[in-house]
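See below for the structure under consideration.
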Protein chains: 2
Amino acid sequence: MSRTTVSHEDGVIYEFAPDMEAVYEAEPGERLTIATRDSLDGAVQSEDDVIEEVPAEVNAATGPIAVEGARPGDVLAVGIEDVRVAEDQGRAITIEGFGLLQDHPDVEAPRTRMTPVEDGTIRFDDLSVPIDPVVGTIGVAPAEESYTTLVPHDHGGNLDTTDVTIGNTIYFPVFRDGAMLAMGDCKAAMADGEMCGTGAEIATDIDVTVDVLSDPDVAIDRPVVETPDAWKALASAETAEEACERANLDAMALLEAEHGFDATDAHLFSSLVGGLEISQVVDPLVTVRNAIPKEYLSEPF
Amino acid sequence: MSRTTVSHEDGVIYEFAPDMEAVYEAEPGERLTIATRDSLDGAVQSEDDVIEEVPAEVNAATGPIAVEGARPGDVLAVGIEDVRVAEDQGRAITIEGFGLLQDHPDVEAPRTRMTPVEDGTIRFDDLSVPIDPVVGTIGVAPAEESYTTLVPHDHGGNLDTTDVTIGNTIYFPVFRDGAMLAMGDCKAAMADGEMCGTGAEIATDIDVTVDVLSDPDVAIDRPVVETPDAWKALASAETAEEACERANLDAMALLEAEHGFDATDAHLFSSLVGGLEISQVVDPLVTVRNAIPKEYLSEPF
């Protein structure tokens, strides 16, 4: 089946807003290739290119793509089928005033390290790291407020979550007609936490399938990721503790719906299996996920 | 080779203190079985037994065990060879004013759920969870201050870290002569995060090997766990953000020693592989770990 490409040349956003104009309208079930540029819009091509401060526009997200028939209350399912790097090098950088160790005297900012692509790996000095791509920024039109592509929130956005990768599906609440999907800010590799503030930032082509789940059994307020082994509720907040609370409550709601638990039993059971994981701690909100293994949660929607 | 058992009947501590009297003196390389009672000292035997407030004494840690020849600046290696549950049921509980959702109106406290042991699993209603034990509290004598067994800190203590399990080795800085190892507070299963404040608390017999690494290549200030795939720096602090910073700095120090990186390159590289993980968010300090896959870190000590 043919696959339409939607490219950053067709349009990018630097803000997820309630009212956005689509650059493409997809049918439910349609397969697309999304071409993304790197999070720094090509500004860093060598180690001499350093970034003095966080740019006003960063994490260009290709789109938005309207999905036909998506209505508020539905769930948008985005299956990530493949992510191919589209340039021959990535880059990891420090920026003054950004990242986990921004106040540490031994950490220099700005610094740029290029990570050349070689045979399915990226190089960092004499170390080779297998390419394990991450779609850093992905989201839909929010309900009311607008959010720049620097931050994550209930609509998605700069989630920087390693599970948003090949083979997994990410589910978003639909807040606005058409859902209005956009994505970019990919990494050739990234640690959970994204401590310095970046992974190996790189342009990519992403193969996705978009679908609409109408009348879902469980309503969601925030993104959920499905991996081969688990369902993971994602939450972003000012502090890790607050994000952990929300992700735990969201995971509990899924357990309650499937098993008939009350909230207390869902809380107790959720403390026995899977658990909390760190997505990122630098954006500058914190994103965490709460994983429930599929043995205990079959098909929430 | 014969194996000595050190039991909670020989002695337990509820506080890791700089000056403690050993209940047993082990030789470096000695294999021991440590018998532990459950974290609630047997107070909860049915769902009618609820815990109204956090007990003054909790997480009884069997020991302390002096290890011959361990001197300040050394590293104590504790290999966890096996953890066997030693009773036919565990228990998960909520306590008022404790746990991640302690202020949530839908979460009732106190509540007790018993988790019967059946064929290598524990039961929670009609769900079976494979036994995957965790040694919740494990540590050594601190340098100066004393810490109750409710809290984690640089000496270990209530780390509640799922990686402290069968097949892994945990390394502690030695602060005091003999190291003075103690452990207890085991779980038959626990989620990362330990959200409700407990796992399935249970008495166990733990087979360990204790060893002393003198003159380590890298000094450590906090515990490090070795799994089959990774080295993980553990850090505990008031906030998750602070714990993440410490765990990142500790992991960076290991990378710097092996690869000759400066701190900035270690920070950048650490943002590409492995990454931050949540141990627990309720004790009431937060414990996180920063994992470096063994491909990039061979043998730090």
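We name chains A, B, ... by the order of the sequence lines, and we start the count at 1 in each one.
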Sort [X] into side chain, backbone, both or neither according to what part of it lies under 4.5 angstrom from a heavy atom of chain A.
X       : value
V286(B) : side chain
L127(B) : side chain
P130(B) : both
V107(B) : both
D125(B) : side chain
S128(B) : backbone

Select, from L101(A), V281(A), I122(A), T162(A), the one with the greatest count of heavy-atom pairs under 4.5 Å involving chain B.
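Most heavy-atom pairs under 4.5 Å with chain B: L101(A).
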Return the option, out of E277(A), H259(A), M252(A), E295(A), with the maximum number of heavy-atom pairs under 4.5 Å with chain B.
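Among the listed options, the one with the most contacts to chain B is H259(A).
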With chain A, which of [options] has the greatest number of heavy-atom pairs at distances under 4.5 Å?
options                           : result
G193(B), P293(B), G274(B)         : G274(B)
V129(B), T115(B), D106(B)         : V129(B)
A200(B), A109(B), S271(B), G99(B) : S271(B)
D126(B), L276(B), V273(B)         : L276(B)
K187(B), H104(B), Q280(B)         : H104(B)

Does CD belonging to E53(A) count more than 12 external heavy atoms closer than 6.0 Å?
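It does not: E53(A) CD has 12 such atoms or fewer within range.
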Does E96(A) have more than 12 heavy atoms from other residues, nucleotides or ligands lying within 6.0 Å of its CD?
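No, because the 6.0 Å sphere around CD of E96(A) holds 12 heavy atoms or fewer from other groups.
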Do F124(A) and F261(B) have their ring centres less than 6.0 Å from each other?
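Aromatic pair counts; centres sit under 6.0 Å.
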Using side-chain heavy atoms (C-beta onward) and a distance below 4.5 Å, is [X] in contact with [Y]?
X       : Y       : result
R91(B)  : D38(B)  : yes
L40(B)  : V58(B)  : yes
D185(A) : N158(A) : yes
V50(B)  : I93(B)  : no
N168(B) : P228(B) : yes
E87(B)  : I202(B) : yes

For residues E47(B) and T112(B), is any side-chain donor paired with an opposing acceptor at under 3.5 Å?
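E47(B) vs T112(B): no donor-acceptor pair found between side chains.
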Classify the side-chain pair T137(B)/T149(B) by whether it contains a donor and acceptor separated by less than 3.5 Å.
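Distance-only check fails for T137(B) and T149(B).
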Just checking heavy atoms, which of residues 237-249 of chain B are less than 4.5 Å from chain A?
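E238(B), T239(B), A240(B), E241(B), C244(B), E245(B), N248(B), L249(B) fall under the 4.5 Å cut-off.
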Listing request: all salt bridge (Lys or Arg N to Asp or Glu O under 4.0 Å) pairs with a residue in residues 252-263 of chain B, at least two apart in sequence or in separate chains.
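For residues 252-263 of chain B, and leaving out neighbouring residues, the salt bridge (Lys or Arg N to Asp or Glu O under 4.0 Å) pairs sorted by first residue read R111(A)-D262(B).
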